[in-house]
Amino acid sequence: MTNVDPAESVAARFAAVKARINTATTNCGRSSQEVALIAISKTHPASSIKNLIELGATDLGENRVREAEEKIPQVGQTNARWHLVGHLQANKARRALNLFDVIHSLDSSDLAQRLDRLCIQVGRQSLPLLIQVDLGHEETKTGINEQELPRLVETVQQLGRIELIGLMTLPPFFDNPEQARPYFRRLRELRDDLARNGAFGERKGELSMGMTHDFEVAIEEGATMVRIGTAIFGERNAGH
Ligand SMILES: *Cc1c(COP(=O)(O)O)cnc(C)c1O
């Protein structure tokens with residue numbers, strides 16, 4: 001019997017995910033350069049993250065500030081771009097600001113104002129962030145309703161240090177990922193509307209959407225950032 005070296009299987013899975021992104025982009029006439037792969041390392045130890053960075057990963061994502069606070073210093077903050085993809089509570093905003101390069105989960109004007117104030121306090125010139133839009137209206141999910149989006153965008157635009165770079169969503173889980181397509185499509189429409197109104201300046205605006213189960217569909221609908229954990233690191237323990 002042979003034992004599979006876990007590091008080796010991560011290498012194989014990471015390569016397979018990149019190959020699938022290539023295929024998915026090619027199939028819909030896009031370039032794989034347009035899709036950033038964010039490896040979601042929640043629940044996995046710093047050693048696995050370091051291994052993935054050695055394999056070429058540049059973008060890592062965590063969903064909890066407390067966990068990130070333990071792991072990011074072990075991995076080295078400057079060794080990757082760190083993305084916060086989970087809900088951010090107001091009382092953890094300062095700690096998040098110290099850890100993360102990009103925040104995907106802005107969901108209120110209060111949080112926007114707080115983050116901007118904190119940037120001024122700590123002397124951070126710019127914090128790129130995405131607004132998380134709740135399109136599925138599930139009780140367990142966070143994000144703002146699309147009706148509230150214009151007002152939040154307006155708030156962010158009045159603040160000098162935080163910079164809106166795109167939208168993020170987390171659709172409901174469906175056995176068939178095709179069923180997530182309307183959610184991805186809707187997020188793209190919202191992004192396109194905002195872009196027309198100049199919400200992202202000269203840029204088109206990022207679309208952070210697609211996870212292990214549905215990233216190919218998300219890429220077909222225009223994802224520019226996919227957030228993939230399980231397909232790279234393997235299964236997590238329950239509760240995440
Ligand atoms: C855990 C998580 C992911 C990755 O999920 P997988 O199904 O393991 O790829 C992506 N986005 C968010 C917000 C997450 O919390």
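Ligands are counted one by one from 1 in listed order, and the atoms in each one are counted from 1 as well. Each residue takes its place number in the sequence, starting with 1. Predicted, not measured: the structure shown is a model, and the values here were computed from it.
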Check ion pair R66-E69 (N to O, under 4.0 angstrom)
no
I'd like to know if the side chain of Q132 pairs up with that of S105 as donor and acceptor (distance under 3.5 Å, no hydrogens or angles considered).
no
Answer yes when E67 and K42 have at least one side-chain N-carboxylate O distance shorter than 4.0 Å, and no when they do not.
no
Once you restrict to heavy atoms under 4.0 Å, what part of R236 touches ligand 1? Side chain, backbone, both or neither.
side chain
Would you mind listing which atoms of ligand 1 come within a distance below 4.0 Å of any non-hydrogen atom of T230?
6 (P), 7 (O), 8 (O), 9 (O)
Does an N or O anywhere in H213 fall below 3.5 Å from an N or O of ligand 1?
no
Has K204 got its NZ or CZ under 6.0 Å from the middle of the six-membered ring of F200, at an angle within 45 degrees of the ring axis?
no
In ligand 1, which numbered atoms sit nearer than 4.0 Å to a non-hydrogen atom of I228?
9 (O)
Does only the side chain of K42 get under 4.0 Å from ligand 1, or the backbone, or both, or neither? Count heavy atoms.
side chain
Inspect the contact between E189 and R186 and indicate whether a charged nitrogen and a carboxylate oxygen are less than 4.0 angstrom apart.
yes
Pairs of nitrogen or oxygen atoms closer than 3.5 Å, one from G229 and one from ligand 1: do any exist?
yes
Numbering as shown, the atoms of ligand 1 that approach V85 to under 4.0 Å (heavy-atom distance):
12 (C), 13 (C)
List ligand 1 atoms under 4.0 Å from R227, heavy atoms only on the residue side.
4 (C), 9 (O), 10 (C), 11 (N), 12 (C), 13 (C)
Output the distance between atom CD1 (I49) and atom CG (N79), rounded to the nearest 0.5 Å.
11.0 Å
